Amino acid sequence: MSTDTNADIIYTATDEAPQLAAASLLPIIRRFVSEVGLSVEERDISVAGRILAAFPERAPDGAQDDLAWLGDRVKEADANIIKLPNVSASVPQLNAAIAELQAQGFDIPDYPEAPETDAEKETRARYDAIKGSAVNPVLREGNSDRRAPAAVKAFAKEHPHSMGTWSKDSKTRVSTMSAGDFHSNEKSVTLDAAQTVRIEHVSGDGTKVLADGLSYPAGTILDATFMSKAALLSFLEEAIATTAADGTLFSLHMKATMMKVSDPIIFGHAVRVYLKPVFDTYGDALAEAGANPNSGLGTMLDVIADMPQADEINAAIKACLSERPPLYMVNSDRGITNLHVPSDVIIDASMPAVLRAGGKGWGPDGKEGDTNCVIPDSSYAGVYAESVAFFKENGALDPTTAGTVQNVGLMAKKAEEYGSHPTTFEMSASGTMNVVAEGGDVLLSHDVAAGDIWRMASTRAEAIENWLALALERQKLTGYETVFWLNKNRAHDAEILRAITPMLEAAGAMDKVQIMAPSEATQHALKVITRGENVIAATGNVLRDYLTDLFPILEVGTSAKMLSVVKLMNGGGLFETGAGGSAPKHVQQLMEENHLRWDSLGEFCALAESLRFVGEARGDADVQVMGDAADDAITRLLSEGKSPGRKVGQDDNRDSHFHFALYWAEALAAQSKSPALSETFAPVAARLRDDYDTIRAELSQGRGQAVDLGGYYRTDPEKVAAVFRPSATFNAIMDQAAG
């Protein structure tokens, strides 16, 4: 990879389908932007890259920590980064990446599930820094402006995606905790002055400091809360019983990637409760063998296969599954259930899928059925409960007439729950959890029991101020109704309201915005877009994540086509390219059939925005023309139906890249704002058009056949290039030196 630290655009190397698609798209981008004097550098934030960076002493040539480098770069005023979706690794994914790297000859250690020695604890700490959403909190030094591009929205109205049929008699429901969860136990305080705090656990064995030296500036909101293990287990038992009584599918919806400490534990409890008869009989043997339910049923089954009682335990699991209500299936053909892998069912993608399908999920019999959507913590479950109720009453959303929900999200400085990973703990004993100021004052306190999950999060004043300003800026620019999704009865939201109310008053904007609790705001937003109107949702970090999947999936069929701009607080720009949740299935199909259905539309949109950002910042009209021409190419790509299809024989990702290049060149040749660019790209466009049939034929070589990428998490660049750049004719045009 390039080490050009002065590159104008940084393009991230990530994982799975987006990473593979970059092998085809990046040469096109480099060829075009070189004509306006811009350079593009790639930085590796993939799971494999981050693992090697965590053990540089074991990598043959060393390994640069590109994520740390980017963490510094996003704080610079001229930062311009195109960030592709990356894997937020669960433990099973981390272990798979480690095994692959070891097989490729890298001398890296195994992941210690239960570290005992100091060396094992150090190894575990290095790996834990890679788990979950380790990338986004580092890169997101700004707040989020996310919306469907105009071309994407227009295309969805003209070519609507499929929507399931809702019935008022649907048994689909959302089940959530009413007490004992993070929402009900939350306490919050705003720091009047800068503070350095510690987190301590006081029990019968004395006081144990769990974290110390945590510094926060004045105005920071600190939140602390916990989930009661006893309340959680009781709720899960009740949810299973309710599912059985309703005759529906049992589906658990969580965020075991972003909430990498708390949610895998909760997921593990769900596995234990669902398979309670199995754990009652074989729990000790399973624990001794290392079968950890936190990693999901799939990993457990792998461990069980090597146990002496394998047949007996598998029979018990099969019997339990037949007696319990049927599980919602991730892949019914392969027998992969909702409880197999924590990272397989991520709430922000899985719940919109249920809603889009008319409240249906796939059961183990391969048939669709109503489902009990189990969301343990009630903090945001009401968003989905209100959606279910709305669609039962009003029927499915009509994409041909629906308006849009844009989002302005508070996420800078690791805001709210997504910044709580280092300060989340599973209680080893009953006692009291305290957040203590340097002078000894207890700021927040909870009485906890063994097994409870306690966490602390923070939100900084400068992030809140920037978020509010961004929301008002978007409102002024669009004229859309703006709603702040804040619940005055929730401890954290009450502190946010205390902070923003005087700001709104000072800006003369109190009468220009509305403030609604998330459940109420959900119903309101659905009514607005059903009328064909538009609204801006100003939300916190988790709701930003949830809503920017929920509404795009309903409105345009996918969240991968969203425009996601992070206005970095020091002046730079981070341009994110959409969701990557379906990427594993795409890679599997590619490896089996040499067909990649990943749609790079998100990358195209981010590129156009990135170019306009550079052009505006530098006062370079030609760069802005190039960004506008990319937008023209996107519109034409959609209107002419050149996005990837799902099946072999249809266009795939490589074909869409070729058409994007063709339409981009033709748009540049046709425009009149920059005669120099028109003159430069007219012959490029002519060559691409003249060689159209040859290039298309060369691109289709090998389709339908299995391909070898040299790996999954760490692919072989030469093998990937051979697969993704099969047209010598196209390559010759794209590899031509600028000028």
Side-chain angles (χ1 to χ4, degrees), residues 140 142-154 156-157 348 352 380 383 386-387 390 397 399 401-412 415-416 463-488 493 496-497 499-501 503-505 507-556 559 561-567 569 573-576 578 605 609:
R140 288 172 172 169
N143 290 309
S144 170
D145 170 8
R146 249 195 139 187
R147 56 193 185 274
V152 172
K153 186 64 177 171
K157 287 188 172 185
D348 43 326
Y380 307 107
V383 169
E386 285 293 338
S387 298
F390 183 88
L397 188 72
T401 60
T404 191
V405 179
Q406 298 187 352
N407 182 268
V408 176
L410 169 61
M411 67 179 189
E416 303 184 324
I464 298 170
E465 292 168 8
N466 180 271
W467 170 62
L468 178 66
L470 182 58
L472 296 180
E473 177 186 323
R474 286 298 303 164
Q475 181 191 52
K476 183 177 180 181
L477 183 66
T478 62
Y480 296 164
E481 175 185 3
T482 300
V483 179
F484 284 81
W485 293 42
L486 296 168
N487 181 359
K488 65 181 180 181
D493 288 6
I496 292 281
L497 282 168
I500 70 170
T501 298
M503 299 179 204
L504 287 168
E505 291 173 344
M510 280 298 291
D511 60 344
K512 297 178 182 177
V513 303
Q514 298 185 66
I515 296 169
M516 300 181 186
S519 294
E520 179 189 5
T522 302
Q523 186 180 78
H524 178 72
L526 289 169
K527 288 179 179 177
V528 169
I529 63 173
T530 298
R531 294 196 302 263
E533 299 171 3
N534 308 317
V535 63
I536 296 171
T539 70
N541 206 350
V542 176
L543 274 176
R544 168 204 58 80
D545 205 6
Y546 289 7
L547 299 193
T548 55
D549 276 301
L550 172 60
F551 288 110
I553 287 172
L554 297 176
E555 291 177 28
V556 302
S559 58
K561 299 178 181 180
M562 289 291 283
L563 176 61
S564 182
V565 179
V566 180
K567 295 194 173 182
M569 293 179 65
L574 175 69
F575 306 94
E576 298 188 278
C605 292
E609 259 330 277

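Index from 1, following the sequence. In this text the structure is predicted, and so the values were computed from the model without any measurement.
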Exercise for review: I would like to know whether Thr478 and Asn534 meet side-chain contact (heavy atoms from CB on, under 4.5 Å); could you show each step before the answer?
Suggested key: CA-CA 9 Å; Thr478 62; Asn534 308 317; over 6 Å; no
Within the 4.5 Å heavy-atom criterion, are [X] and [Y] side-chain neighbours or not?
X: Ile500; Y: Leu486; value: yes
X: Thr522; Y: Phe390; value: no
X: Arg544; Y: Leu410; value: no
X: Val566; Y: Phe575; value: no
X: Phe551; Y: Ile529; value: yes

Exercise for review: May I have the step-by-step check of side-chain contact (heavy atoms from CB on, under 4.5 Å) for Thr548 and Ser564, ending in yes or no?
Suggested key: CA-CA 9 Å; Thr548 55; Ser564 182; over 6 Å; no
Counting only N and O atoms by type, is there a donor-acceptor contact under 3.5 Å from the side chain of [X] to the main-chain atoms of [Y]?
X: Glu555; Y: Val405; answer: yes
X: Asn541; Y: Ala415; answer: yes
X: Lys153; Y: Gly403; answer: yes

Taking all non-hydrogen atoms of both residues into account, name the closest pair between [X] and [Y] and its distance.
X: Thr501; Y: Met510; answer: O-SD, 4.1 Å
X: Thr530; Y: Leu397; answer: OG1-CD1, 3.7 Å
X: Ala537; Y: Leu547; answer: CB-CD1, 4.1 Å
X: Leu563; Y: Glu609; answer: CD1-CG, 3.4 Å

Point to revise | Test item: side-chain donor near acceptor, Asn407 and Ser144, under 3.5 Å | key: no
Review point. Just by distance, with hydrogens left out, do Asn487 and Asp493 show a side-chain donor and acceptor under 3.5 Å apart?
Key: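 Note: Asn487 and Asp493 side chains miss the donor-acceptor criterion.
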Atom [atom1] in [X], atom [atom2] in [Y]: separation rounded to 0.5 Å?
X: Trp467; Y: Asp145; atom1: CH2; atom2: CG; answer: 14.0 Å
X: Ile536; Y: Gln406; atom1: CD1; atom2: CD; answer: 5.5 Å
X: Gln475; Y: Lys512; atom1: CD; atom2: NZ; answer: 7.0 Å

Exercise for review: Evaluate the criterion side-chain contact (heavy atoms from CB on, under 4.5 Å) for residue pair Thr404 and Val556; output intermediate values, then yes/no.
Suggested key: CA-CA 9 Å; Thr404 191; Val556 302; over 6 Å; no
Review point. After noting the C-alpha distance and the side-chain angles of Asp348 and Leu550, does the key distance pass the side-chain contact (heavy atoms from CB on, under 4.5 Å) rule?
Key: CA-CA 7 Å; Asp348 43 326; Leu550 172 60; over 6 Å; no
Exercise for review: Would you mind checking if Lys567 and Glu473 are paired as a salt bridge, meaning a charged N to carboxylate O distance below 4.0 Å?
Suggested key: yes
**Study point:** Salt-bridge contact Glu576-Arg146 (side-chain N to carboxylate O under 4.0 Å)
**Key:**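 A salt bridge is absent here (no side-chain N lies under 4.0 Å from a carboxylate O).
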Revision key, fill the gap. Contacts satisfying salt bridge (Lys or Arg N to Asp or Glu O under 4.0 Å) that involve residues 524-537 (not counting sequence neighbours) are Arg531-Glu533
**Study point:** Ring-ring centroid check Trp485 Tyr380, cutoff 6.0 Å
**Key:**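 Centroid distance Trp485-Tyr380: not below 6.0 Å, so no.
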